Amino acid sequence: MKLDKNYNANQFEPLVYALWEKNLVFKANPESKKEHFSMVMPPPNETGTLGVHHALFLTIQDILARYQRLNNKDVLWLPGTDHAALAVNALIEKQLSKEGLTKHDIGRQAFLERTQYFVANSRGNMLNQMRSIGAGPDWTRLRYTLEDTSVRIVNETFLAMYQKGLIYRGERIINWDPILETTVSDDEVDHREEQTTLYYLKLGPFEVVTVRPETKFGDKYLVINPNDQRYKDYQEGQEIEVDWINGITKLTIIKDEAVDLNFGSGVMTITPWHSLIDYEIAQRHNLTYQQIIDFHGKLLPIAGEFAGQTIEQARPKIIEKLRSKNLIIREDKNYKHQVAVNSRSDALIEPQIRLQWFIDVNKKVIDWHHRSLSFKEILQEVIKNNEIDIIPKRFEKIYFNWVNNLRDWCISRQIWWGHRIPVWYRTNVDQEEEIYVGLQPPIDDREGYNGWQQDPDTLDTWFSSALWTFSTLIDPALAENYQLSFKDLLHQSPDFITYHPTNVLETGWDIIFFWVARMILVTTFMTGQIPFKTVYLHGLVRSTDGKKMSKSRPESLVNPLEVINQYGADALRMGIIMGVSPGNDLIYSEERVKASRNFCNKLWNISRFIENVSDNVVQPDHQFETKNLIDRWLVVRLNQVQIKVLDYLDQYRFAEAYDLIYKFVWNDYADWYIETAKLNLNQTLLEDSLRVILKLIHPFMPFVSESIWQVLFENQGLLAQQTFEVVPINQNYLADAQQFDQIRKLIIEAREVLQKTNLKEVILYYKKSQIITELNPIIKQLAHLKDCVEVDDGQGWRLINVKYDCWLDIDPASIKKHLVDLNHQLSDYQKNIDKLQVRLDNVNYLNKAPKQLINQTKQQLQELLSKKQDLKQEIERFSRN
RNA sequence: GGGAUUGUAACUCAGAUGGCUAGAGUGCAGCAUUCACAUUGCUGAAGUCAGGGGUUCGAAUCCCUUCAAUCCCACCA
């Protein structure tokens with residue numbers, strides 16, 4: 001025998017994967033005459049290692065890709081990685097700070113070199129990890145969000161939007177991370193609850209509350225709600241003088257409805273530079289504002305004696321001073337409120353006003369289906385018109401909710417790692433600033449003037465990710481040629497022509513805003529096409545305690561490589577697919593992985609059996625030739641399962657598809673067909689059916705299926721190149737299949753009675769039946785009977801659930817042990833009979849329910865009645881004796 | 001404050017468009033043993049489908065409501 005007793009995943013997986021790569025089975029071919037199927041891989045961040053959530057999306061996408069290949073399509077699954085500007089930047093800065101350095105110490109150039117080195121390293125690791133999960137994307141088309149082609153397309157996009165007036169530069173309030181010293185987009189800000197002290201301060205005749213006394217230095221305005229009767233005597237614009245932290249200050253009264261009458265005393269001072277709401281109030285009333293905290297998080301000279309100190313240092317001293325001036329009325333030490341933090345770096349966000357680049361989402365200048373629309377409108381339209389389907393559907397609501405509240409997208413970042421903004425500035429003779437936006441650095445040909453300086457900022461990492469579906473399909477060689485326009489690039493790149501729009505985008509629901517929406521936004525603008533036709537969203541993987549896996553709780557993290565080591569990649573894949581429905585989160589459970597590992601082994605041993613009973617020469621047959629009704633039963637089941645599995649896969653219902661295969665293979669194929677095959681061998685059908693099963697299971701468990709295929713059928717070529725063959729059946733097979741179902745019932749019931757009565761070696765008598773005679777040895781063996789004998793009339797215990805007349809040769813004393821169960825069963829029958837009877841007595845049911853259903857109900861009732869009758873008779877007969 | 005999701009066996013979860021006696025994995029109980037597989041086989045026990053109400057001939061499934069949990073968005077200075 002060629003196969004070992006147990007399936008050893010670690011032994012086969014690397015070999016099998018190497019074989020796939022060698023044979024280029026993952027390679028897409030745009031020139032193929034087959035139908036094309038395309039999908040881009042969401043590029044994972046190049047921060048190092050993969051987690052289980054990566055394993056999840058790689059598995060789902062790999063199932064899709066392998067399924068479509070077996071479905072006779074030309075498949076492009078395009079892999080790549082993301083430079084992950086903010087995340088990687090934070091990581092490198094953390095490394096530096098461990099060495100006692102900051103990025104300014106080493107300078108921009110050295111910082112970038114160091115980052116590149118780090119990223120190149122982690123990329124290699126990650127790609128190998130993807131391989132060990134079994135993912136089979138087209139590695140020949142591996143892309144990277146910070147490669148040359150990407151830079152070109154990013155700049156093309158920036159330029160095109162700039163020329164349309166969709167990108168503008170402006171001073172706005174933004175989320176500032178004082179640690180990384182960069183802007184953070186709204187979506188990247190997390191809110192965390194914090195307990196702090198709320199101070200009630202005396203401000204002249206008023207009382208104001210604050211948790212941030214350090215922002216109070218710039219106070220010039222006092223805002224009250226115009227509907228507040230308590231302060232109706234104070235007029236808008238009225239000025240008052242009060243004693244404040246650093247002496248006498250003049251305040252102007254402003255009335256604005258943003259003030260909550262019920263919070264504190266209903267009076268507030270505002271700090272527009274460092275608060276979004278205050279900023280909005282200031283904008284409405286045309287107020288002046290100034291910066292109090294600098295971009296490093298330190299107080300500016302306006303804070304007088306506290307200037308140069310960080311907030312942490314200054315706050316207690318400021319409190320001390322306020323206290324000494326008797327300006328603190330009272331303090332609430334248990335005040336709970338939400339603070340904003342950068343989700344990537346965990347730093348406290350300090351709102352700041354700064355010159356930034358923005359994308360205008362409301363300007364209606366984009367040509368879309370012959371109308372001029374804004375980004376916001378296009379985002380709404382493509383979903384409303386079903387140009388793009390989101391699965392599961394409920395995420396459409398979440399999507400619209402987000403789009404409706406969308407504000408201009410701030411795309412500039414002050415970190416160093418990322419796409420540099422393609423804008424250059426210089427000062428001309430009149431000391432005015434000139435600006436140049438272009439694809440490549442401009443050349444300054446004037447002598448004696450300052451040359452062009454590129455904007456120091458980089459772009460939000462999601463800006464380049466947003467181009468992912470089309471930028472990756474552009475031919476890199478063409479992109480090097482700046483003589484070609486962007487349109488030329490699109491129209492001359494075979495991959496773009498063939499594969500765009502892509503068929504599916506498969507990703508987690510948590511990045512629907514960051515990524516999915518922004519891909520739609522940028523792609524529609526740049527290509528005039530939608531980026532994908534379907535969005536399939538999967539859930540988050542959580543740890544066994546039901547919480548999010550997070551780096552701050554290392555015990556919650558599961559390392560997919562360790563799992564693969566222990567149980568194999570196929571086991572991991574199905575462990576996280578089993579029993580999970582689209583869009584729902586899943587809790588990682590090692591039990592499920594184990595169950596899948598056992599299933600691998602089951603498959604393995606089925607194959608081992610087949611190999612064992614097969615002649616050495618394996619002939620390709622594919623005829624599914626049947627010799628008896630068991631064979632026909634199998635063929636019918638195969639056919640049904642095959643159709644259903646393909647149907648589930650078309651609907652992205654992976655868990656259900658897998659579940660069906662699992663049950664079929666284990667409960668039907670192994671437990672019944674293989675068992676009967678020991679006495680009734682049909683070698684070609686065994687091989688044909690195994691081939692079908694391996695193909696069906698292959699998208700889910702590629703390694704074990706390919707390993708078996710290689711050992712058993714290696715001459716038949718690579719599994720991944722085969723297409724599904726439909727198992728042929730004809731109508732009279734169905735009747736045979738039903739016959740065998742009856743025989744299975746017979747065997748099950750016989751086993752049960754023998755178990756309950758604790759008897760062995762019992763004889764089964766049966767009234768003349770051709771089928772039982774034909775299957776006599778099989779029934780005997782599977783039910784563990786001593787013999788199976790045809791008789792003219794019955795004797796012994798009559799089987800209830802079977803259509804045939806047969807009896808087990810059991811003495812009444814033994815049956816008595818079983819009597820309690822039997823009476824229990826009897827009352828179960830009665831309960832169900834009552835239920836069905838009530839239904840059939842209901843006139844409305846008879847009038848309104850479909851005819852077919854009524855007939856079914858009647859039939860069920862008849863069956864139950866007769867079973868009950870039989871059982872009752874038997875019990876009585878045996879009780880009498 | 002706005003919104004989404006979840007509540008089904010001891011545990012983790014499936015049950016799309018309402019229609020058999022509500023299923024699986026794990027666990028549990030009993031039995032089997034040199035058979036392809038102990039990563040096994042056979043048999044079994046275990047559920048008021050969170051509670052209440054409604055629609056319907058018929059509800060785990062649809063609607064309303066209460067309770068509990070998780071998450072997203074927006075936020076009070």
Side-chain angles (χ1 to χ4, degrees), chain A residues 1 3 5-7 186-187 191 198 208-212 215 223 258-260 262-264 267-271 275-278 337-338 340 392 394-395 397-398 401-402 405 509-510 512-513 539-540 542 544 546-548 567 571 575 578-592 594-613 651 653 655-656 659 662-663 670-671 674-675 678 748 751-756 758 760 782-784 821 828-829 831-832 835-836 839 842-850 852-854 856-857 859-860 864:
Chain A
M1 220 187 297
L3 303 178
K5 198 171 168 191
N6 287 329
Y7 173 59
D186 291 344
D187 293 310
H191 294 275
L198 181 68
V208 294
V209 294
T210 186
V211 293
R212 303 200 55 192
T215 63
V223 190
V259 181
D260 184 350
N262 302 316
F263 189 81
V267 180
M268 69 188 258
T269 61
I270 56 170
T271 319
S275 153
L276 178 63
I277 296 185
D278 296 5
H337 75 147
Q338 303 280 325
R394 66 185 146 91
F395 285 104
K397 279 186 202 166
I398 296 172
N401 189 22
W402 180 81
N405 296 313
W509 57 255
D510 52 326
I512 183 166
F513 309 138
L540 265 44
R542 303 171 179 236
T544 314
K547 291 180 185 151
K548 251 186 183 172
Y567 299 107
M578 249 173 109
V580 175
S581 53
N584 279 6
D585 292 353
L586 70 114
I587 292 182
Y588 176 81
S589 124
E590 195 168 321
E591 296 309 320
R592 269 204 279 258
K594 261 188 213 167
S596 299
R597 187 268 319 261
N598 294 356
F599 183 55
C600 284
N601 196 53
K602 192 74 191 178
L603 270 173
W604 182 256
N605 275 291
I606 287 169
S607 313
R608 212 159 89 95
F609 172 80
I610 293 176
E611 191 212 0
N612 212 8
V613 298
Q651 297 180 57
R653 293 164 68 177
E656 279 158 276
D659 190 55
Y662 182 98
K663 283 179 191 158
D671 291 348
I674 298 279
E675 286 306 317
K678 288 172 182 171
I748 290 169
R751 280 172 183 164
E752 186 190 345
V753 176
L754 296 189
Q755 271 268 332
K756 291 290 178 184
N758 208 5
K760 287 169 201 168
L782 294 192
H784 309 294
D821 287 325
D828 268 0
Y829 280 152
K831 248 185 254 167
N832 290 317
K835 239 190 231 172
L836 292 175
R839 205 181 293 170
N842 187 335
V843 184
N844 284 323
Y845 176 72
L846 295 174
N847 288 338
K848 292 184 181 173
Q852 208 189 342
L853 190 71
I854 297 172
Q856 203 184 318
T857 312
Q859 209 180 327
Q860 280 166 2
L864 273 173

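Here is the naming used below: chain letters follow the sequence lines, and residue numbers restart at 1 for every chain. On a predicted model such as this, the values are computed, not experimentally measured, just so you know.
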Taking only nitrogen or oxygen atoms into account, show me every contact under 3.5 Å that the protein makes with nucleotides 69-71 of chain B, one pair per line with its distance.
residue: rU70(B); atom: O2'; partner: R542(A); partner atom: NH2; Å: 3.0

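Stem regions annotated for RNA chain B: B:1-7 with B:67-73, B:10-13 with B:23-26, B:28-32 with B:40-44, B:50-54 with B:62-66, counting only runs of 3 or more consecutive pairs of Watson-Crick or G-U type with both contacts under 3.5 Å.
Rounded to the nearest Å, the gap between the C1' atom of rU26(B) and that of rU39(B) is 14 Å. When the C1' atom is compared between rG54(B) and rA10(B), the two are found 34 Å apart, to the nearest whole Å. Here the separation of rC49(B) from rA24(B), taken at their C1' atoms, is 16 Å to the nearest Å. To the nearest whole angstrom, the two C1' atoms, one in rG23(B) and one in rA60(B), are 12 Å apart.
For K602(A) and rC37(B), a side-chain-to-base donor-acceptor distance below 3.5 Å is present, hydrogens and geometry of angles not being considered.
Among the heavy atoms of the strands lying under 4.0 Å from K663(A) are primed sugar atoms or P, OP1, OP2 only; no base atom is included. At the heavy-atom level, I674(A) lies under 4.0 Å from base atoms of the strands shown.
Listed here is the closest heavy atom pair of D585(A) and W509(A): OD1-NE1, 3.2 Å.
Rounding to whole angstrom units, CD1 of residue I748(A) and C1' of rG44(B) are separated by 13 Å. One interatomic measurement links the two molecules: OH of Y567(A) to P of rG25(B), which rounds to 18 Å at whole-angstrom precision.
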